[in-house]
2 protein chains.
Amino acid sequence: MTFKIETLRSFCAVARAGNLSDAARRLGRTQSAISMTLKQFEHTLGGALFETERKNRLTKLGEQVLLLAESQIAQFDKTVQAMETLASAPRGVLRIAAVPSVAAFAFPPVVRHLTTQHPGVKIELRDADTQQVFDALLQGWADIGITSAKRNLNGVTATALFREPFGLVLSETHALATRAGPITIHDVFAARFLRNGLCDQIDNPEVLDRLSDVDVNMRNTQSLLAMLLEGDWVTLLPCSAARLVGTGLTFRRISDLPAHRQVFLYQRTEPSSARIVGDAIDVIRALNWPGYD
Amino acid sequence: MTFKIETLRSFCAVARAGNLSDAARRLGRTQSAISMTLKQFEHTLGGALFETERKNRLTKLGEQVLLLAESQIAQFDKTVQAMETLASAPRGVLRIAAVPSVAAFAFPPVVRHLTTQHPGVKIELRDADTQQVFDALLQGWADIGITSAKRNLNGVTATALFREPFGLVLSETHALATRAGPITIHDVFAARFLRNGLCDQIDNPEVLDRLSDVDVNMRNTQSLLAMLLEGDWVTLLPCSAARLVGTGLTFRRISDLPAHRQVFLYQRTEPSSARIVGDAIDVIRALNWPGYD
DNA sequence: TGTCATGTTTCAGAAACTCTGAAATTGGGT
DNA sequence: ACCCAATTTCAGAGTTTCTGAAACATGACA
C-alpha cells in the first residue's frame, strides 16, 4: 500500500500535540483510529517514529520524517487550493505573485484594468519573498511573478522590467534629509541605521562590510517604515520602496553608491488562460516604472 | 471530502493516455473504477476536466489542473522516497546534492572517508542543476548541497567553499592549446565555440553579448566533453570542470576575462544526523579545492 | 441514415479499508 | 509497588472503493 496524505497529517498532528488524545481531538477522530494509522505508518516505513509509547518524544527518524511531512502537507494544500481557485473561475483566473515593494505599486493599476476590461475574471494577488514567488511559479500556483532576482526556471520566461537605484530612505524631518551637498556611504552608516532584507541585495563590498556590523535588522517592511517615520532612523532601500507610504518619508541618492536593483517579470510559458495573462503583462509593462539611469 | 493523491494519479494517467481503458490498464484498475474516481474528482472540483466524453481532450481547466497535479505527484513521490531512505538506514543517512562539475570532484573522497569512518551509514549522492539542488535542500531531500549560486534559504546556512576562474577548455591538440602568448576573449569566439549551461554564469558584458550569437548550445556535460575531445571545438568553463575527464583536455586562462565563479556549501541547520553531516562538511572543506586568486 | 466497433457510464454487490467504543495493557510518576 | 492517565487491541459497524455486467454514447463507415 502507498502512503496517504491523511496518514502524514495524523503523524504531524501527533508529533505537534505530543500525545494521541489531543491530536485525535484536533483531527476529529478517535484515539484508537490515530493509533492504528500511526502504527501502520511506522510499519510500512519500517522504523519507529516515537521514542516512548506516550508519543511525546520523536526518534531521530521521526524528526526527519516530520520535516518532510510538514513540508509535503503544506505543498499539497497549496496545490489543492490552487486547483479550487482555478475551478471556481469559469472566466479564468489570473494569479500574480510579487515581492512586496513592487506589489504595492503594480497591483492597483492591474486590478483596475482587469476588472473593467475583463469583468468576471478572477484575480488572485499575493506578495511574498523572492523564494516564495519562484516556488509559486514553478509549482503552477501563479501565472505571473515579479522579483528582483534573475533565475532560470523551467517553463517560465523572464524579462527585465525596470531598474532603480538604492538610496537613503528617511523621515523628511531628519537632518540628512535637508542637508545640502551629496550624501555618502559614510554618512549613511554614521546615522542610526536600520538593516532590512532588501539592502542585503546591494552588490557593493563596502556596504556589505558595514552591514554586517549593524545591530538592528527588521524583516517587516511595515514596521520598518514606522520606525523611519518615528524619527531619526534611516535605511537603504530601492527608490520605489520609498513610495510605500504616502508622505513623511523622502529618498536621497548616495553619491558613492552606484548600486541598483533590477526587477524581473516572469511568466509561465504554457498557461492556458493566455489572453488575460498577456493583457496583464502589457499593463504591468506600461506602468510608470522608475526611469533612473 | 478531501482530495487524495491517488485521485490525482488517476487523472494524470487518463490525461496522458487520452482514454480511460489504457489508463485503467496502467493503473491496474478497471475502467469503471477510474471513471467513477474521475467523475467524483470533477464533482468536488466543480468543473469539467475533459471536453469530450471520450477523455481525449482536456478543458482549459483540465490542462491547468494537470500541470498542478503532475508537479504535486512528483513532489509527493520524492518525499516518500526520502522518507523510505531515512527509514532504511538505522545508522543514519547522509544525502548530498551537488552540481555535476563539483560532484565529480567532491563525491569520491567523501565516500571514501565516510565508508571507512562511519561504516553502516548510508550515503546518497546526486548531481543536479542549481535549482534542483536548492529544491532538495528546501524540501528536506538533502542534508548538504553544493552550487555556484548564493541564495538565502530558510533553515539552511550557506558558506563559501571555493572560487575558481573561468577559462578556455579544449583538446590538447587544438591550435590554441599550445599557442604561445595570452589568449583573449576575441580568440575564444574566433574559434569554433560551444555554448554550455555553466558559461551563462559568466558575469561579463562582452562575453554575454557574444554568447547570444553562438549557435551551438550543449546542455549535457558528457557530450560537451566528447565534442571537445573530438577535435577543434572549444568552450568556456570553470577550471575544475576541466578535470572531469582524465586526459586529452586542457585549461587555459583568458587574459582579459577576470570572471570567476564562487561555489557555496549549504547545510540544513536542524538536521538530526548532525555528527555525520558535520563530519562530511569537514571532509569537503578540507579537499584540495582550486586555489586560484 | 443505419450499423458497427469502440469506448464510457451506471449499477449492485463484493471487497477493502477505516472508524468506533469498550476492554485490556502499558509506562511513568509518586 | 501502586495508581492513573494514556495507548493499544479487537471485533464489529460504517465508508469508501473496486469489480463485472449491462446499458449507453460516439464517431466511422458504408
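Model, not experiment: these values are computed from the prediction. Here is how names work: the chains are called A, B, and so on, in the same order as the sequence lines, proteins then strands, and each is numbered from 1.
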Partners of Thr85(B) by side-chain hydrogen bond (donor to acceptor under 3.5 Å, both in side chains), sequence neighbours excluded?
none

Assess whether atom CD of Glu51(B) is packed by more than 12 heavy atoms of other residues, nucleotides or ligands within 6.0 Å.
yes

It should be established whether Thr37(A) places a side-chain nitrogen or oxygen under 4.0 Å from OP1 or OP2 of nucleotide dC19(C).
yes

What is the distance, to the nearest angstrom, from the CZ atom on Phe41(B) to the C1' atom on dT9(C)?
19 Å

Is there any salt bridge (Lys or Arg N to Asp or Glu O under 4.0 Å) pair reaching into residues 79-103 of chain B, and which pairs are they, with sequence neighbours excluded?
Arg95(B)-Asp143(B)

Mind checking the CG-CD1 spacing from Leu265(B) to Ile284(B)? Nearest 0.5 Å is all I need.
5.5 Å

Nearest whole angstrom, please: distance from the P of dC17(C) to the CD of Glu6(B).
12 Å

Sorted by chain and residue number, the side-chain contact (heavy atoms from CB on, under 4.5 Å) partners of Arg195(B) (sequence neighbours excluded) come out as Phe193(B), Cys199(B), Asp200(B), Leu211(B), Val214(B), Asn217(B)

Whole-Å distance separating the CD atom of Glu42(B) from the P atom of dT10(C):
11 Å

Arg9(A): partners by salt bridge (charged side-chain N to carboxylate O under 4.0 Å, His left out), with sequence neighbours left out
Glu6(A), Asp77(A)

How about Asn154(B): does its CG atom have over 12 heavy atoms from other parts shown lying under 6.0 Å from it?
no

Could you note down all residue pairs passing salt bridge (Lys or Arg N to Asp or Glu O under 4.0 Å) where residues 12-28 of chain B supplies at least one of them, sequence neighbours left out?
Arg16(B)-Glu70(B), Asp22(B)-Arg25(B)

Atom-pair distance (NZ on Lys39(A); C1' on dT26(C)), nearest Å
13 Å

Show your reasoning for whether side chain to side chain donor-acceptor pair (under 3.5 Å) applies to Arg285(B) and Thr159(B).
CA-CA 10 Å; Arg285(B) 305 204 75 90; Thr159(B) 51; 3.1 Å; yes

Under a 4.0 Å heavy-atom cut-off, which of residues 24-33 of chain A touch DNA chain D?
Gln31(A), Ser32(A)

Please list each protein N or O that sits under 3.5 Å from an N or O in nucleotides 25-28 of chain D, with the distance.
from    : atom 1 : to       : atom 2 : distance (Å)
dT26(D) : O2     : Arg54(B) : NH2    : 2.5

Lys4(B) NZ - dC17(C) C1' separation (whole Å)
10 Å

Quick test of your reading: applying ring-ring contact (aromatic ring centres under 6.0 Å, His included), list the pairs with at least one residue in residues 126-161 of chain B, sequence neighbours left out, ordered by first then second residue.
Phe134(B)-Tyr266(B)

Sorted by chain and number, sequence neighbours left out, salt bridge (charged side-chain N to carboxylate O under 4.0 Å, His left out) with Asp129(B) holds for none

OP1 or OP2 of dG7(C) under 4.0 Å from side-chain N/O of Ser35(B)
no

Specify the angle, to 10°, made by the local axes at the two ends of the helix from dT1(C)-dA30(D) to dT30(C)-dA1(D) when five pairs are taken at each end.
30°

What is the separation between atom CG on Leu38(B) and atom C1' on dT9(C), rounded to the nearest whole Å?
12 Å

Does the side chain to side chain contact (heavy atoms under 4.5 Å, CB included) test come out yes or no for Asp135(A) and Gln131(A), once each step is laid out?
CA-CA 6 Å; Asp135(A) 275 355; Gln131(A) 183 58 45; 3.3 Å; yes

Let's see if you get this right: which residues in residues 10-23 of chain B place a heavy atom under 4.0 Å from DNA chain C?
Asn19(B), Leu20(B), Ser21(B)

Rounded to whole angstroms, how far apart are CD1 on Ile34(B) and C1' on dT19(D)?
12 Å

Interatomic distance, Met36(A) CE vs dC10(D) C1' [rounded to whole Å]
7 Å

Pairs where residues 47-102 of chain B contributes a residue and the test ring-ring contact (aromatic ring centres under 6.0 Å, His included) is met, not counting sequence neighbours
Phe11(B)-Phe50(B)

